[in-house]
Amino acid sequence: MKLKDLLLSIPYKIIQGTDNTEASDVIYDSRKVIEGCCFVCIKGYAVDGHKFAADAVEKGAASLIVTEDIDVPENITVIKVDDARVALSKMSAEFFSNPAKELITIGVTGTKGKTTTVAMIRSILETAGIKTGTIGTLGIIIDNKVYKTNNTTPESYEIHQTMRKMVKKGCSVLIMEVSSIGLKQHRTDNINFDYGIFTNFSHDHIGGNEHESMEEYLYCKSLLFKQCKTGIVNIDDPATEELLKNATCKTETYGYSQNADLIGSDDSLIARNGYVGVNFKATGKKNLNVDVAIPGRFSVYNALAAISVCSLMNITEENILKGLDTVKVKGRVEVVDVPGNYTLLIDYAHNAASMESVLTTLREYKPNRLVTMFGAGGNRPKARRFEMGEVSGKLSDLSVITEDNSRFENIHDIIADIKTGIDKTDGKYVIVPNRVDAIRYCIENAQDGDIIVLAGKGHEDYQEINGTKYHFDEREIIDDIIKSL
């Protein structure tokens, strides 16, 4: 495509060359440059693309998009823009022929609950026979195949490239986790979302290279409601009013408040072998008795958001109920089928705060025993290990201490640090250094009514030891152990 066609509606100045220059692709990573491409010089937290412009030209780039003066050969077209990320998004949308216009698009933002809410909506839509692709923390998911990404919300090029792939694969809906950083850096520009969802707002991502203040953090989240047609928001969250101050979309609300369009009430916990979840009633725009296959009362909010958007899409009540009753989120209190009379979960909790949240939630289900298997990452602060040991010692009936991603540290040193924390409590524990052996120990020693949590790995399918990542999927390991028994 010609540069002038890729830069439609973007103000620009031609520094040298011509905007009739053809671009074989739009590239922002100099390592991926191909002959005849346009290289966009974006500035990241640690790297400035302008420093790699000469390298990109050497590798065959025919044109450059810049925001500052640059010295390259005269045969290279150079175009200056105000914001290279804005340009990258527009160019990516045009290069892939605006795939967002061929999909129903749903964006989910909020401090917590994005991944779970996306999974719930996808489960409902897939139950209804609607092929759905997702982008988020777990990566890009199409046809149950997972493609890894570096960020919750990838760069705009990857987003538009992925949407085009989804269309080709027969998807009719995209659900995306829209992070505040993604909005701030224009990664989701040129998508007029059909639906935008707000889950909640709390302290996170402040300082460093993220947000300078809570005010800026919330402002960035609010941008989603300037680029969606209908906003679906949590009426109970104190930040909602400020979030919607400059919104341009229609809005619907959900929550426990009687003023919500969809009201949740009468929640109760459900626990049986192989199933931990929550039941609640939804009233208002829908009247439903809902079972959700994800533990914790916070799951009610995520389910209300999912019901709200699926109702607007005219999904039947039968499919809504079935989708929520069978939903799984990979690595997030994910139930794994086992033949015994106990419940086995895989969870990503890998620090004290996330472990405390998960274990406190699971204690409410009053298991015979709450057994937690966990390790800690190497080359990370030692305090994290002490804290994890102390949390598990206080909240678990039995802790099984093992390895995680030890990286370049000795496993036994890491375990010793965890033991320091757990020894502050009266909690019972065993040490099984090899993680496969630890999983086997948990399964072989499970008692009726136990809830066993394998914490730390979650959706990860590798183990990092001495600089090498080895394939390690706990679901496969569990399956092998059960078959051997």
Side-chain angles (χ1 to χ4, degrees), residues 92-93 96-110 113-147 149 152-154 156 158-179 182-183 187-199 224-225 227-233 249-250 252 254 262 285-286 292 302-330:
S92 300
F96 291 106
S97 302
N98 293 291
K101 294 180 180 178
E102 300 174 52
L103 294 162
I104 295 171
T105 49
I106 303 169
V108 183
T109 198
K114 295 188 294 296
T115 304
T116 303
T117 302
V118 167
M120 288 179 174
I121 299 168
R122 180 175 184 266
S123 182
I124 292 169
L125 296 180
E126 293 275 351
T127 298
I130 298 171
K131 195 168 181 179
T132 302
T134 64
I135 301 175
T137 304
L138 301 181
I140 293 162
I141 303 176
I142 309 171
D143 284 336
N144 290 317
K145 186 173 181 180
V146 180
Y147 305 86
T149 56
T152 294
T153 306
S156 54
E158 279 76 31
I159 291 174
H160 291 279
Q161 181 185 48
T162 296
M163 287 191 291
R164 177 49 60 199
K165 186 173 185 177
M166 288 177 180
V167 171
K168 287 180 178 178
K169 292 277 189 178
C171 294
S172 54
V173 179
L174 160 72
I175 319 167
M176 186 195 307
E177 292 182 49
V178 182
S179 68
L183 288 159
R187 297 179 196 169
T188 59
D189 283 11
N190 300 288
I191 305 172
N192 185 16
F193 288 96
D194 292 287
Y195 306 100
I197 295 172
F198 169 65
T199 58
L224 177 60
F225 301 94
Q227 67 176 94
C228 71
K229 298 170 188 174
T230 301
I232 299 163
V233 298
C249 58
K250 296 185 294 184
E252 288 204 1
Y254 65 89
L262 183 67
K285 63 183 287 188
K286 286 283 183 185
V292 183
N302 299 330
L304 287 169
I307 294 168
S308 294
V309 70
C310 290
S311 297
L312 289 169
M313 296 172 68
N314 296 316
I315 306 300
T316 66
E317 293 182 358
E318 179 184 2
N319 286 321
I320 288 172
L321 294 174
K322 185 177 179 183
L324 291 173
D325 191 34
T326 57
V327 64
K328 279 190 176 184
V329 187
K330 190 173 185 180

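Closest approach of Ala306 to Ile124, counting heavy atoms only: CB-CD1, 4.1 Å. The two atoms that bring Tyr254 and Thr199 nearest to each other are OH-CA, 3.4 Å, heavy atoms only. When all heavy atoms are compared, the tightest approach of Ala303 to Val292 is CB-CG2, 3.8 Å. Minimum interatomic distance between Asn190 and Ala93 (heavy atoms only, all atoms of both residues): CB-CB, 3.9 Å. In terms of heavy atoms, Ser179 sits closest to Thr153 at N-OG1, 2.9 Å. Closest approach of Ile315 and Ile320 over heavy atoms only: O-CD1, 3.8 Å.
Between the side chain of Lys114 and the backbone N or O of Gly110, at least one donor-acceptor pair lies under 3.5 Å. A donor-acceptor pair under 3.5 Å is formed between the side chain of Glu177 and the backbone N or O of Thr137. Between the side chain of Thr105 and the backbone N or O of Ala100 there is no donor-acceptor pair closer than 3.5 Å. Between the side chain of Glu126 and the main chain of Thr132, a donor-acceptor pair closer than 3.5 Å is present. For the pair Arg122 (side chain) and Ile175 (backbone), a donor-acceptor distance under 3.5 Å is absent.
In this structure, SG on Cys171 lies 11.0 Å from CG on Leu125, to the nearest 0.5 angstrom. Here the NZ-CE distance, from Lys101 to Met163, works out to 11.0 Å after rounding to the nearest 0.5 Å. Taken from CZ in Arg164 to CG in Asn98, the straight-line distance is 8.5 Å, to the nearest 0.5 Å. Here OG1 of Thr230 is found 7.0 Å from CD1 of Ile232. Values are rounded to the nearest 0.5 Å. Here OG1 of Thr162 is found 8.5 Å from CZ of Phe96. Values are rounded to the nearest 0.5 Å. Distance check: Ile104 CD1 to Leu312 CG gives 11.0 Å after rounding to the nearest 0.5 Å.
Checked for salt-bridge contact, Glu158 and Arg187 miss the test: no charged N lies under 4.0 Å from a carboxylate O.
A side-chain contact (heavy atoms from CB on, under 4.5 Å) with Thr188 is found for exactly one of Thr109, Val178, Ile135, namely Val178.
Scored by the side-chain contact (heavy atoms from CB on, under 4.5 Å) test, Ser123 finds Thr127, Thr326, Val327 as partners (sequence neighbours excluded). Taking Gln227 as the reference, nothing meets the side-chain hydrogen bond (donor to acceptor under 3.5 Å, both in side chains) condition, with sequence neighbours excluded. By the side-chain contact (heavy atoms from CB on, under 4.5 Å) test, Cys228 is found to be paired with Phe193, Phe225, Cys249, residues two or more places apart in sequence or in another chain being considered. Lys328 pairs by the side-chain hydrogen bond (donor to acceptor under 3.5 Å, both in side chains) definition with nothing, not counting sequence neighbours. Residues satisfying the side-chain contact (heavy atoms from CB on, under 4.5 Å) criterion with Lys169, sequence neighbours excluded, are Lys131, Ile142, Asp143, Lys165.
Using a 4.5 Å cut-off on side-chain heavy atoms (C-beta onward), Met120 and Ile307 make no contact.
Enclosure of atom NZ in Lys286 by more than 12 non-hydrogen atoms of other residues, nucleotides or ligands within 6.0 angstrom is indicated.
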- Task: Give the intermediate values and the outcome of side-chain contact (heavy atoms from CB on, under 4.5 Å) for residues Val146 and Leu138.
- Result: CA-CA 8 Å; Val146 180; Leu138 301 181; 5.6 Å; no
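Screening residues 302-313 for side chain to side chain donor-acceptor pair (under 3.5 Å) gives Thr117-Asn302 as the qualifying pairs, with residues at least two apart or on separate chains.
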